[in-house]
Amino acid sequence: MTNLQKAIIIIFVIILVIGLSVGGYFIYRYSISSKNDPSDLLLEYFSHLSDKDYEKMYSYLTEESKQTISKEDFVTRNKNIYDGIEADNITVDITQVNKINNDKTQITYTTYMNTLAGKINFSNTVDFIKNKEKKYYLNWSSKLIYPELEETDKVRVATVEPKRGEILDRNNVVLAGRGVASSVGLVPGKMSENKEEDINKISQILNISVEKINTELSASYVKDDTFVPLKNISDLDKQTEEALLQIKGIMIKETDKRQYPLGEKLSHLIGYIQNINAEELEKNKDKGYTASSAIGKTGLEKYYEDRLKGSIGYEIYIINSSGNKKHTIVKKEGKDGENIKLTIDSNLQTKIYEDYKNEKSATVVINPKTGEILALVSTPSYDSNDFINGISQEKWNELSNNENKPFYSRYQATWTPGSSFKPVIAAIGLTTNKFTAEENFGKSGTSWQKDSSWGNFRVTTLAQYGGVANLRNALVYSDNIYFAKAALKIGTSTLIEQFKKIGFDTEVPGDLSVTKSQYGNNSKITSEAQLANTGYGQGEVLVNPLHMASIYSAFVNNGNMIKPYLEYKETLSPEYWVTGAFSEEAANTVKEDLIQVVESPGGTGHSAKISGITLAGKTGTAEIKKSTTDTTGTELGWFNAFIADENSQKQMLVVSMIEDVKNRGGSHYVIPKVKKIFEY
């Protein structure tokens with residue numbers, strides 16, 4: 001390589017280095033200029049706000065601004081305000097950039113954000129000032145958070161709790177509504193130095209655990225001046241009040257509470273509300289609940305929760321150093337919950353409960369023409385009011401360990417129907433033309449089996465009557481053998497088909513969740529013996545009382561099963577659950593025979609006869625045994641009855657079941673109680 005070539009290469013390298021240096025300088029200067037653009041800096045500042053990176057936001061402040069507020073105070077002020085109003089989806093729209101001079105640029109912008117009180121937007125102006133290094137920084141004050149906010153002002157959020165909707169009966173009697181209680185709580189900052197000792201005293205007086213008290217006091221929202229509610233007490237006696245007020249930090253104030261005027265008479269249906277727990281709060285996080293909200297836990301309080309609860313109102317406002325409100329930023333009006341009116345007749349409900357309260361029972365009363373549910377009674381029961389005030393452990397143990405199961409809603413369960421099921425078999429047989437009402441099945445004494453293939457299994461009956469073994473006599477005298485034969489005549493496949501048609505293995509429609517009725521375990525009838533037992537409501541048949549009421553309504557409605565409903569309608573427009581459940585002829589034939597069950601002197605329901613009222617009904621005594629040889633089993637007593645007069649102003653159908661009626665008269669123990677219901 002010649003000296004000339006070497007010189008050329010050296011000159012090229014020098015030029016290249018100079019070019020790269022100059023280019024790099026301009027790139028560097030452009031980068032610095034870009035990062036130092038006030039508009040970009042403002043957008044970056046607010047992007048950190050969206051990320052809740054308050055410390056990073058502080059780094060954008062001028063030194064003069066930092067002299068007025070420390071990083072710790074800046075972070076705390078911004079966090080408390082933005083988190084407190086639950087600000088999110090924060091965006092900024094720059095509307096004007098005005099360069100005042102070489103060291104100062106003023107930007108006008110609009111801020112948009114969502115808050116718990118709704119969307120807000122406001123215009124604002126901010127100055128960016130160059131420091132000695134010629135880099136822009138933000139001249140910060142509290143007005144950057146909101147234009148009306150001074151340094152000594154504070155932002156507050158007020159919540160307006162909605163009134164929970166009432167639950168009313170058909171006559172506007174309150175079943176669940178507003179009551180008043182004494183709310184006992186603690187103000188942590190006013191407690192004595194002997195906190196542990198005081199908490200132990202409170203625990204004993206209020207009958208709540210020390211752990212519960214400490215949990216409430218350690219909640220994230222609690223400050224020294226916060227009132228921390230511990231327990232609501234309906235009737236705070238003077239002695240208890242005086243004992244509590246001896247403890248420093250205790251505060252007692254009047255508060256609204258949910259009240260259930262009928263108490264245990266309707267608790268299974270109405271249910272109760274309690275404070276929301278963490279799991280429920282997470283599950284319903286987008287529905288406006290707070291840590292202090294109450295929520296329906298059981299019954300209709302839970303079912304209608306979304307309609308009853310209403311929506312919380314919020315106001316975000318600014319207060320001055322004197323604590324006076326100076327400016328409302330945004331306000332969202334709350335909405336009270338909806339009142340819900342039921343078809344229930346609380347007077348009828350009360351009378352039935354009082355007559356059955358010492359039994360283990362389920363009673364359903366409907367208007368079979370309209371489907372209105374007039375009463376739903378399950379006994380024994382519990383009092384929903386106990387849960388509102390915070391049930392004691394002692395009371396909880398008493399209820400949950402009670403062998404009679406007061407928490408058990410019996411009208412929502414399924415039960416062996418016994419002979420009360422015979423009208424259903426009769427209607428199916430007539431509808432499918434498997435036999436006629438006049439057909440004589442032949443007398444078989446009190447014990448019968450089809451043939452020797454049944455082994456030791458025999459159908460027994462207590463029915464003794466003169467005349468032929470036709471449908472009317474079989475219903476009037478409740479002949480098990482007749483209905484065992486009837487089921488065999490219908491046959492397994494036809495019977496299952498008809499059972500499904502009338503709602504077995506299907507949810508009962510409406511506002512009340514009840515157990516599905518079944519005709520056999522795993523939806524099967526596996527033997528002739530089971531088929532025969534099914535004919536008179538034994539075997540593996542289990543029926544829900546509300547479902548049973550709908551089936552029986554077909555005997556009033558020319559074969560159509562009414563759809564039961566709980567929510568009151570001003571205009572009656574009956575709906576059928578199953579149209580043509582039975583043929584019209586079959587339904588009316590069974591109805592006439594059920595009238596004779598009550599009217600005929602030998603009828604099993606004759607003691608229900610009421611002068612001036614035409615009743616139709618069917619008794620049933622269901623045996624509950626562990627095996628066919630079990631002699632220690634119990635019995636369920638049934639009586640299902642309805643007013644059979646088309647022109648009667650009073651239309652009522654009652655399905656009633658009482659447990660453990662063995663040696664108490666079986667179904668005949670139930671009849672006088674049902675008779676009273678029609679006499680009310």
Side-chain angles (χ1 to χ4, degrees), residues 165 167-170 175-176 258 260 262 264-274 276 279-280 283-284 287 295-309 337-338 340-344 349 352-353 360-367 370-382 384 387 400 405-417 499-500 502-519 523 541-553 561-569 575-578 653 655-657:
I167 302 177
L168 310 168
D169 89 334
R170 65 186 300 108
L175 307 179
R258 195 68 160 171
Y260 304 103
L262 266 66
E264 58 192 6
K265 300 175 184 69
L266 260 172
S267 290
H268 288 110
L269 177 62
I270 302 299
Y272 55 85
I273 63 170
Q274 280 185 322
I276 196 167
E279 182 181 347
E280 291 165 333
K283 184 178 178 182
N284 296 279
K287 293 187 176 181
I295 191 170
K297 298 282 186 174
T298 64
L300 296 183
E301 288 277 34
K302 182 177 181 179
Y303 183 84
Y304 290 126
E305 172 65 22
D306 288 345
R307 294 168 59 187
L308 290 167
K309 72 181 181 69
E338 179 186 347
I340 294 177
K341 186 173 179 178
L342 305 180
T343 56
I344 294 293
Q349 178 86 15
I352 296 172
Y353 175 81
K360 291 184 286 183
S361 72
T363 300
V364 173
V365 184
I366 70 169
N367 180 325
T370 64
E372 295 168 287
I373 299 174
L374 304 176
L376 289 167
V377 181
S378 176
T379 59
S381 185
Y382 65 94
S384 294
F387 289 84
S400 57
K405 301 179 181 179
F407 289 133
Y408 187 31
S409 180
R410 285 167 165 81
Y411 58 72
Q412 290 180 270
T414 54
W415 306 90
T416 304
F499 281 152
K500 289 181 176 179
I502 62 174
F504 279 76
D505 289 343
T506 304
E507 298 283 354
V508 175
D511 301 343
L512 189 68
S513 176
V514 302
T515 306
K516 298 176 186 177
S517 299
Q518 69 166 57
Y519 50 83
S523 300
V541 180
L542 296 172
V543 183
N544 169 263
L546 186 61
H547 184 194
M548 182 78 90
S550 179
I551 295 173
Y552 265 63
S553 76
M561 284 169 51
I562 201 71
K563 179 181 177 181
Y565 68 93
L566 258 176
E567 190 169 353
Y568 188 83
K569 303 172 186 175
E575 292 181 56
Y576 293 119
W577 175 13
V578 182
L653 188 156
V655 170
S656 188
M657 182 280 302

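- Tyr411 places a side-chain N or O within 3.5 Å of a backbone atom of Leu269 that can act as its donor or acceptor partner.
- With hydrogens and angles disregarded, no donor-acceptor distance shorter than 3.5 Å links the side chain of Glu372 to the backbone of Pro564.
- Taking the side chain as every heavy atom from C-beta outward, Ile167 and Arg258 approach each other to under 4.5 Å.
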Check your understanding: After noting the C-alpha distance and the side-chain angles of His268 and Tyr382, does the key distance pass the ring-ring contact (aromatic ring centres under 6.0 Å, His included) rule?
Key -> CA-CA 8 Å; His268 288 110; Tyr382 65 94; 5.5 Å; yes
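- Contact of the Tyr353 side chain with the Leu262 side chain is not registered, since no non-hydrogen atoms from C-beta on lie closer than 4.5 Å.
- Using a 4.5 Å heavy-atom threshold, the side chains of Leu168 and Leu175 count as separate.
- Atom NZ of Lys283 has 12 or fewer heavy atoms from other residues, nucleotides or ligands within 6.0 Å.
- With Ser378 contributing its side chain and Arg410 its backbone, the two residues share a donor-acceptor pair below 3.5 Å.
- Proximity of Ile551 to Phe504: side-chain heavy atoms (C-beta onward) are separated by under 4.5 Å at one or more points.
- Judged by the 6.0 Å and 45° rule, Lys569 forms a cation-pi pair with Tyr565.
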Item checked: Step-by-step ring-ring contact (aromatic ring centres under 6.0 Å, His included) determination, Tyr260 to Tyr272 -> CA-CA 8 Å; Tyr260 304 103; Tyr272 55 85; 7.8 Å; no
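- In this structure, Met548 and Pro417 have side chains that are in contact, with non-hydrogen atoms separated by less than 4.5 Å.
- Looking at Thr515 and Val543, their side chains never come closer than 4.5 Å, going by heavy atoms from C-beta outward.
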